[in-house]
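Worth saying up front: this structure is predicted, and the values here are computed from it rather than measured. We name chains A, B, ... by the order of the sequence lines, and we start the count at 1 in each one.
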Amino acid sequence: MAGFQSLPGFRDFPPEDFSRRQHVFRVWRSAATAFGFQEYDAPVLEPLELYKTKSGDEIEAQLFSFKDKGDREVSLRPEMTPTVCRMVGEKAGSLKRPIKWFSIAEFYRYERAQKGRLRAFHQFNADIFGEAGPEAEIELIALLIQCLAGFGLTADDFTIRLSDRNLWFYYLGALGFTAAQIPAVLTVVDRFEKAGAPQVEAFKPYEEKFGPLDQTTKNRVHAFALQSGKNFSEQEILTRWLQDAKPEAREKVSARLADFRKLMDGLADMGLKDFVEIDMMVVRGLAYYTGFVFEAFDRKGDLRALAGGGRYNDLIKKLGYTDLPAVGFAIGDVTTGLLLEQRGLTSKPGPATDVYVVIGGEVERKAAFADIQALRAAGVRVEYPFKDLSFGKQFKAASESGAKLALIYGGDELAHGVVKLRNLADRSERDVPRGQVVAMVRSLLTGH
RNA sequence: GCGGUCAUAGCUCAGUUGGUUAGAGCACAAGAUUGUGAUUCUUGGGGUCGCGGGUUCGAAUCCCGUUGACCGCCCCA
């Protein structure tokens, strides 16, 4: 127990854990490539300014940031979005649209570690650039669903809650909130769930900043947030909105509701209707989201959000590049791993060996080594005991290795120029001439 | 950054009002078994009881500090 511990919130990945992690990455990667996304990677360390520009100075408290030896303010990346915006922004002129990119990478945040939240974690990020319409959201939400369904999770296990900040902006504007006040109200909305019934409490941060709100307005905001799932309909939201709307804004709202309908219909046509529900309570924490936002949750669980994303049409311009519409999401390995564990869907590593070589003694080892090397060069996974062991022990080791075949290099066999090949599953044996070992093993392993 | 609970072998845990050399199961290794995989039996390695200090004749046990994990705030890109 003496010696060193890993840093708080950081994990080791010994082979068993590594193999579970690789399984998660495999599912994500194959989902992304099936959807036609291209993989990219980027530096782990970035200028601190990149994150301050995107999220404001307060963000620094949550960053793994420091000064490098050249006196540069730098930070380990806490997320991929600013980086990918920079990459796309730099090449935007030469990229074919729509731009569909994904990555699997490690991120670092200097926060208190808790269940489902560590200081170092992996995320799958997928983004679409250059498409302003809801077609991009259809594609991304479908991909998100596949990133979870690919493990065997179903609509009974998780759900995607979809909301729209544009409708919120329209509605809150109609209620008389100013552009400066609206983000503060959305922060309040974000707290509704946590604050539970007493919305009075939830409004406190807003009221401290902008002064008291009348109860009627509070109730309207709360009622709008409660629009979700079954009780949501375009007609209802329109009616509710029209009570408060100025006539010239009606056109914007009905256009937006048409986008909403297009998105929901597209997902329904893909057979994904059961995975998605509208829930205006979701607004997402950060201010740079500009349209549809969505989060994936464990249905029966006490887990944190599995994934989150949304549209951020202004960000690339804010970082100093061309104006380019964008929408993306990220899904993390920590919460996903916890959910898979709860559902018994974690992967067990398969056998790492195809052939176990049983060696009679020092003399036989020489012949065995020649064939072992030939087999391995041909791509066959071969194991053999380092030390001379009794045949009994070697066969035990062979069966524990998970190998399908054993090759037996004994004095009797080699004297006849053959090797004994044993099928470890049915225990049948046959002699194989030395020269045919590689060909025979390969044909048995590939099944023809 | 703030509050609460916890910390004994690789894992799961036991350990009496403070009392000899800190235990069990699982796992790992060796042997019974030098030409065939199971089961079983025997044996072994592995602990400064998270770390540091204090009280005591004596501390895994009581006290203080510290580190870490978990839970709740803050935050959640």
Side-chain angles (χ1 to χ4, degrees), chain A residues 1-12 14-16 46 50-56 58-64 75-85 107-119 121 123 125 127 187 190-191 193-195 205 282-289 293 295 302-310 312 315 328-332 334-335 338 356 358-362 364 385 387-414 420-429:
Chain A
M1 201 64 74
F4 298 100
Q5 288 177 290
S6 61
L7 288 165
F10 284 72
R11 295 168 288 175
D12 288 331
E16 202 180 321
E46 291 277 13
L50 179 63
Y51 304 113
K52 283 193 182 174
T53 302
K54 183 199 155 204
S55 308
E58 324 78 53
I59 199 70
E60 194 171 350
Q62 321 277 337
L63 294 178
F64 244 105
S75 173
L76 290 170
R77 61 185 173 200
E79 59 168 327
M80 195 55 106
T81 306
T83 301
V84 73
C85 284
F107 299 94
Y108 310 86
R109 296 179 188 173
Y110 202 87
E111 301 179 293
R112 194 98 165 106
Q114 282 177 39
K115 189 178 185 184
R117 187 174 77 178
L118 300 172
R119 286 185 170 181
F121 54 93
Q123 275 188 348
N125 275 261
D127 296 89
T187 306
D190 200 30
R191 294 169 61 92
E193 270 178 301
K194 222 181 289 178
V282 172
V283 293
R284 310 251 330 133
L286 250 71
Y288 65 80
Y289 284 111
V293 290
E295 294 183 338
D302 42 356
L303 296 173
R304 293 167 180 284
L306 294 160
Y312 50 97
L315 188 56
F329 75 87
I331 175 168
V334 182
T335 313
L338 288 171
Y356 194 94
V358 173
I359 300 169
E362 276 311 309
E364 293 81 5
K387 301 274 164 55
D388 287 342
L389 289 173
S390 73
F391 275 73
K393 281 221 188 303
Q394 293 192 61
F395 279 103
K396 193 178 175 191
S399 101
E400 284 171 355
S401 77
K404 289 192 183 68
L405 303 173
L407 282 170
I408 298 142
Y409 288 75
D412 298 346
E413 288 85 355
L414 290 175
K420 193 162 279 179
L421 188 149
R422 181 178 176 90
N423 181 322
L424 288 164
D426 64 18
R427 305 193 175 196
S428 64
E429 289 182 346

Let me know the distance between CD of A:Glu111 and C1' of B:A77, rounded to the nearest Å. 9 Å
Taking the P atom in each of B:C57 and B:C51, what is the distance between them to the nearest angstrom? 25 Å
Count the heavy atoms belonging to other residues, nucleotides or ligands that lie under 6.0 Å from CD of A:Gln114, then report whether that count exceeds 12. yes
According to a strict under-4.0 Å criterion, is A:Arg284 in side-chain N/O contact with OP1 or OP2 of B:A77? yes
If I pick the C1' atom on B:G68 and the same atom on B:A30, what distance separates them, to the nearest angstrom? 36 Å
Could you identify the nucleotide paired to B:U42, looking across every strand shown and requiring Watson-Crick or G-U wobble geometry with both distances under 3.5 Å? B:A30
Please confirm whether the shortest side-chain N or O distance from A:Lys420 to OP1 or OP2 of B:G35 is below 4.0 Å. no
If we call it a pair only when both distances are under 3.5 Å in a Watson-Crick or G-U wobble match, what pairs with B:G25? B:C11
Given that both distances must come in under 3.5 Å, which nucleotide forms a Watson-Crick or G-U wobble pair with B:U48? none
Grab the OH-C1' distance between A:Tyr51 and B:A77 for me, whole Å please. 10 Å
Once you round it to whole Å, what is the distance between P of B:G37 and CG of A:Leu407? 18 Å
Without decimals, in angstroms, what is the distance between A:Phe391 CZ and B:A38 C1'? 20 Å
Using a 4.0 Å heavy-atom cut-off, does A:Gly9 contact any base of the nucleic acid, only the sugar-phosphate backbone, or nothing at all? sugar-phosphate
For A:Asp12, look at atom CG and say whether over 12 heavy atoms of other residues, nucleotides or ligands are found less than 6.0 Å away. no
Taking only the P atom of each, what is the distance from B:C75 to B:U66 in whole angstrom? 26 Å
Just checking, A:Arg119 and A:Tyr110: is the charged tip under 6.0 Å from the six-membered ring centre and within 45° of the axis? yes
The test is side chain to side chain contact (heavy atoms under 4.5 Å, CB included); show your working for A:Tyr51 and A:Thr83 and say whether it passes. CA-CA 9 Å; A:Tyr51 304 113; A:Thr83 301; 3.9 Å; yes
Ion pair present between A:Arg77 and A:Glu46, side-chain N to carboxylate O less than 4.0 angstrom? no
Rounded C1' spacing from B:G47 to B:U33 in Å: 34 Å
A:Tyr289 OH to B:C76 C1', straight-line distance once rounded to whole Å: 11 Å
Could you please name the partner base of B:A60, counting Watson-Crick and G-U wobble pairs only when both distances are under 3.5 Å? none
Using a 4.0 Å heavy-atom cut-off, does A:Leu389 contact any base of the nucleic acid, only the sugar-phosphate backbone, or nothing at all? nothing
Looking at B:G3, B:G37, B:G35, which one has an atom nearest to any side-chain atom of A:Arg112? B:G3
Spacing between A:Arg427 atom CZ and B:G35 atom P, to the nearest angstrom: 18 Å
Interatomic distance at C1', B:G65 relative to B:U55, whole Å: 15 Å
Toward the 5' end of RNA chain B, which comes first, A:Ile408 or A:Gly116, by nearest nucleotide? A:Ile408
Without decimals, in angstroms, what is the distance between A:Lys396 NZ and B:U36 P? 15 Å
Using the C1' atoms only, state how far B:A27 lies from B:U17, rounded to an integer number of Å. 36 Å
Determine whether a donor-acceptor pair (N or O, by modelled atom type, separation under 3.5 Å) exists between the side chain of A:Arg109 and the backbone of A:Glu79. no
Hey, does A:Glu413 reach any base, or is it just sugar-phosphate, or nothing, if we go heavy atoms under 4.0 Å? base
Look at all strands and tell whether A:Gln114 reaches a base, only sugar-phosphate, or nothing, counting heavy atoms closer than 4.0 Å. base
Base, sugar-phosphate or nothing for A:Asp388? Non-hydrogen atoms, less than 4.0 Å. nothing
Checking only heavy atoms, does the side chain of A:Gln394 share a donor-acceptor pair with the base of B:U36 at less than 3.5 Å? no
Separation of B:U36 C1' from A:Lys393 NZ (nearest whole Å): 13 Å
A:Tyr312/A:Asp127 under side chain to side chain contact (heavy atoms under 4.5 Å, CB included): CA gap, chis, key distance, verdict: CA-CA 10 Å; A:Tyr312 50 97; A:Asp127 296 89; 2.5 Å; yes
Considering non-hydrogen atoms only, spot the tightest contact between A:Ala398 and A:Ser401 and give its length. O-OG, 2.7 Å
Look at the side chain of A:Arg422 and the base of B:G35, then say whether one donor and one acceptor between them are separated by less than 3.5 Å. no
B:C62 and B:A14, which share atom name P, separated by this distance in whole Å: 15 Å
For RNA chain B, whose closest nucleotide is more 5', that of A:Ala113 or that of A:Asp426? A:Asp426
Does A:Tyr288 reach a base, just sugar-phosphate, or nothing at all? Heavy atoms under 4.0 Å. sugar-phosphate
Under a 3.5 Å limit on both distances, the Watson-Crick or wobble mate of B:C2 is B:G72
Hey, is A:Phe395 doing a stacking thing with B:U36, by the 5.5 Å centroid and 30° angle criteria? yes
Base, sugar-phosphate, or nothing: which does A:Pro8 touch, judged by heavy atoms less than 4.0 Å apart? sugar-phosphate
When both distances are under 3.5 Å in a Watson-Crick or G-U wobble arrangement, the nucleotide paired with B:U36 is none
For A:Gly308, which contact category applies under a 4.0 Å heavy-atom criterion: base, sugar-phosphate, or nothing? nothing
Taking the P atom in each of B:G72 and B:U42, what is the distance between them to the nearest angstrom? 47 Å
